[in-house]
Amino acid sequence: FIFSGFKMTFKRLKGKKENPFKAKKSRIIILVGSQGGATFRFAKEFQKQLIQSGQKVFVDDLSSYEVYDRMEQLIIMTSTYGDGEAPTNSKEFLQRFGEIQQKKKFNHAIVGFGSTDYFKFCQFAKDVSFALEQSNQSKALLPLKLINKQSVSEFESWCLKWVDQMQITSKK
């Protein structure tokens, strides 16, 4: 019984890091902060749509932030855990972001997932946004987007704004 639970969790986690492009070849990097995997599902679907339009996109954990040689766009999608804290796979991001200098400037966009039922709604996404705003490494492509209760329509609306801002068209 315990093994089957572990096996299911491993399968769920294994799928989240499959990338058709390597980070060093991608100009769009999506980093995800997710405690239970729901935010990863949003990120992977967005990645899939971008790849279908001809973009090279890499998705990884937020704490895996590193130097990205070709990055032009950094998209951060993160939930907030507990009382405004970072999800487990994101706890090292703010420190790493402060220590790592990218080779060139880049644009960023941040999407926070949470619930307005909590006092510290999307607090970690707000903290990440503040850190990036204070940096001279990047510029916000869009304002911080906070999504209540994993609203698919709110997320789709943000995706359309981001794609429009980037002037990405469908590949035919």
Side-chain angles (χ1 to χ4, degrees), residues 1-23 26 28-52 55 57-66 68 71 73-98 100 108-133 138 140-163:
F1 180 71
I2 292 172
F3 178 74
S4 65
F6 172 76
K7 187 176 178 182
M8 287 188 309
T9 300
F10 181 73
K11 280 184 179 180
R12 185 188 75 207
L13 295 174
K14 181 182 173 197
K16 74 180 181 183
K17 288 193 179 183
E18 292 174 1
N19 282 291
F21 300 102
K22 295 189 181 302
S26 299
I28 301 171
I29 305 294
I30 302 174
L31 297 180
V32 182
S34 184
Q35 193 67 28
T39 306
F40 259 105
R41 287 190 289 279
F42 282 93
K44 293 301 279 183
E45 184 58 34
F46 189 50
Q47 177 192 36
K48 181 176 137 189
Q49 297 300 317
L50 289 173
I51 289 171
Q52 288 176 354
Q55 305 301 309
V57 186
F58 180 80
V59 175
D60 204 354
D61 290 325
L62 198 47
S63 283
S64 295
Y65 182 76
E66 62 186 16
Y68 300 104
M71 179 174 66
Q73 304 293 323
L74 173 63
I75 300 169
I76 295 176
M77 297 182 185
T78 188
S79 59
T80 296
Y81 182 70
D83 192 26
E85 299 164 28
T88 304
N89 74 336
S90 306
K91 292 187 181 287
E92 297 173 27
F93 173 75
L94 292 173
Q95 179 181 345
R96 291 179 66 84
F97 182 75
I100 295 172
H108 70 265
I110 302 167
V111 180
F113 292 89
S115 171
T116 55
D117 293 343
Y118 294 94
F119 180 69
K120 293 188 177 181
F121 171 63
C122 293
Q123 185 60 51
F124 181 64
K126 293 173 185 176
D127 294 345
V128 168
S129 180
F130 181 77
L132 270 73
E133 288 170 16
S138 71
L141 185 67
L142 293 172
L144 170 64
K145 175 64 178 171
L146 304 179
I147 295 178
N148 186 36
K149 297 183 181 174
Q150 300 176 1
S151 168
V152 172
S153 63
E154 285 183 48
F155 181 70
E156 287 175 345
S157 174
W158 176 88
C159 290
L160 290 173
K161 287 178 186 173
W162 188 90
V163 166

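Here the structure is a predicted model, which means the values were calculated and not measured. The basis for the numbers below is simple: all heavy atoms, side chains too, and nothing from hydrogens, waters or symmetry mates.
Between the CZ atom in Phe97 and the OH atom in Tyr65 there is a gap of 5.0 Å [rounded to 0.5 Å]. Here the OG-CZ distance, from Ser63 to Arg96, works out to 7.5 Å after rounding to the nearest 0.5 Å. Between the NE2 atom in His108 and the CG atom in Leu31 there is a gap of 12.5 Å [rounded to 0.5 Å]. Rounded to the nearest 0.5 Å, atoms OG (Ser138) and CD1 (Ile110) are 7.5 Å apart. Residue Ser64 holds its OG atom at 8.0 Å from CG of Asn89, rounded to the nearest 0.5 Å. Of the inter-residue distances, the one linking Leu141 atom CG with Lys161 atom NZ reads 12.5 Å to the nearest 0.5 angstrom.
Annotation for Gly114 and Cys122: closest pair N-SG, 3.6 Å, computed over non-hydrogen atoms. When every heavy atom of Phe124 is checked against every heavy atom of Pro87, the shortest pair comes out as CD2-CD, 3.8 Å. For the residue pair Val57 and Gln47, the shortest heavy atom distance occurs at O-NE2, 3.1 Å. Counting all heavy atoms, side chain and backbone alike, Lys120 lies closest to Asp83 at CD-O, 3.5 Å. Here the shortest heavy-atom pairing between Ser90 and Gly33 reads OG-CA, 2.9 Å. Between Phe21 and Ser26, the shortest heavy-atom distance links the atoms CB-OG, 3.5 Å.
By the neighbour-count criterion of 12 heavy atoms within 6.0 Å, atom CD of Glu66 is densely surrounded, having more than that number from other residues, nucleotides or ligands.
Every residue two or more places apart in sequence or in another chain that forms a ring-ring contact (aromatic ring centres under 6.0 Å, His included) with Phe42 is listed here: Phe113, Phe155. With sequence neighbours excluded, the residues satisfying side chain to side chain donor-acceptor pair (under 3.5 Å) with Gln49 are Glu45. The side-chain contact (heavy atoms from CB on, under 4.5 Å) test applied to Ala43 returns Ile30, Val32, Val59, Met77, not counting sequence neighbours. Residues that satisfy the side chain to side chain donor-acceptor pair (under 3.5 Å) test with Glu133, not counting sequence neighbours, are Ser129. Every residue meeting the side-chain contact (heavy atoms from CB on, under 4.5 Å) condition with Ser115, not counting sequence neighbours, appears here in chain and number order: Asp117, Tyr118, Asn148, Lys149. Scanning for side-chain contact (heavy atoms from CB on, under 4.5 Å) contacts around Ala38 gives Arg41, Gln150, with sequence neighbours left out.
Side chains of Met71 and Leu74 form a contact here, defined as non-hydrogen atoms less than 4.5 Å apart. Taking the side chain as every heavy atom from C-beta outward, Lys126 and Leu144 approach each other to under 4.5 Å. With contacts defined as side-chain heavy-atom distances shorter than 4.5 Å, the pair Leu132/Phe130 does not qualify. At least one side-chain heavy atom of Lys44 sits under 4.5 Å from a side-chain heavy atom of Asn19. Looking only at side-chain heavy atoms (C-beta outward), Ile76 and Val111 stay at 4.5 Å or farther from each other.
Classification of the Phe46-Trp162 ring pair by plane angle, with boundaries at 30° and 60°, yields perpendicular.
When atom types are taken as modelled, the side chain of Thr80 and the backbone of Gln123 share a donor-acceptor pair closer than 3.5 angstrom.
The closest side-chain donor-acceptor pair between Thr88 and Gln35 falls under 3.5 angstrom.
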(request) Could you give me the CA-CA distance, side-chain angles and deciding distance for Phe40 and Asp61, then say whether side chain to side chain contact (heavy atoms under 4.5 Å, CB included) is met? (result) CA-CA 9 Å; Phe40 259 105; Asp61 290 325; 3.2 Å; yes
(request) Please report the C-alpha distance between Val128 and Phe93 in whole Å, then the side-chain angles of each, then the deciding distance to 0.1 Å, and finally whether the side chain to side chain contact (heavy atoms under 4.5 Å, CB included) criterion is met. (result) CA-CA 8 Å; Val128 168; Phe93 173 75; 3.8 Å; yes
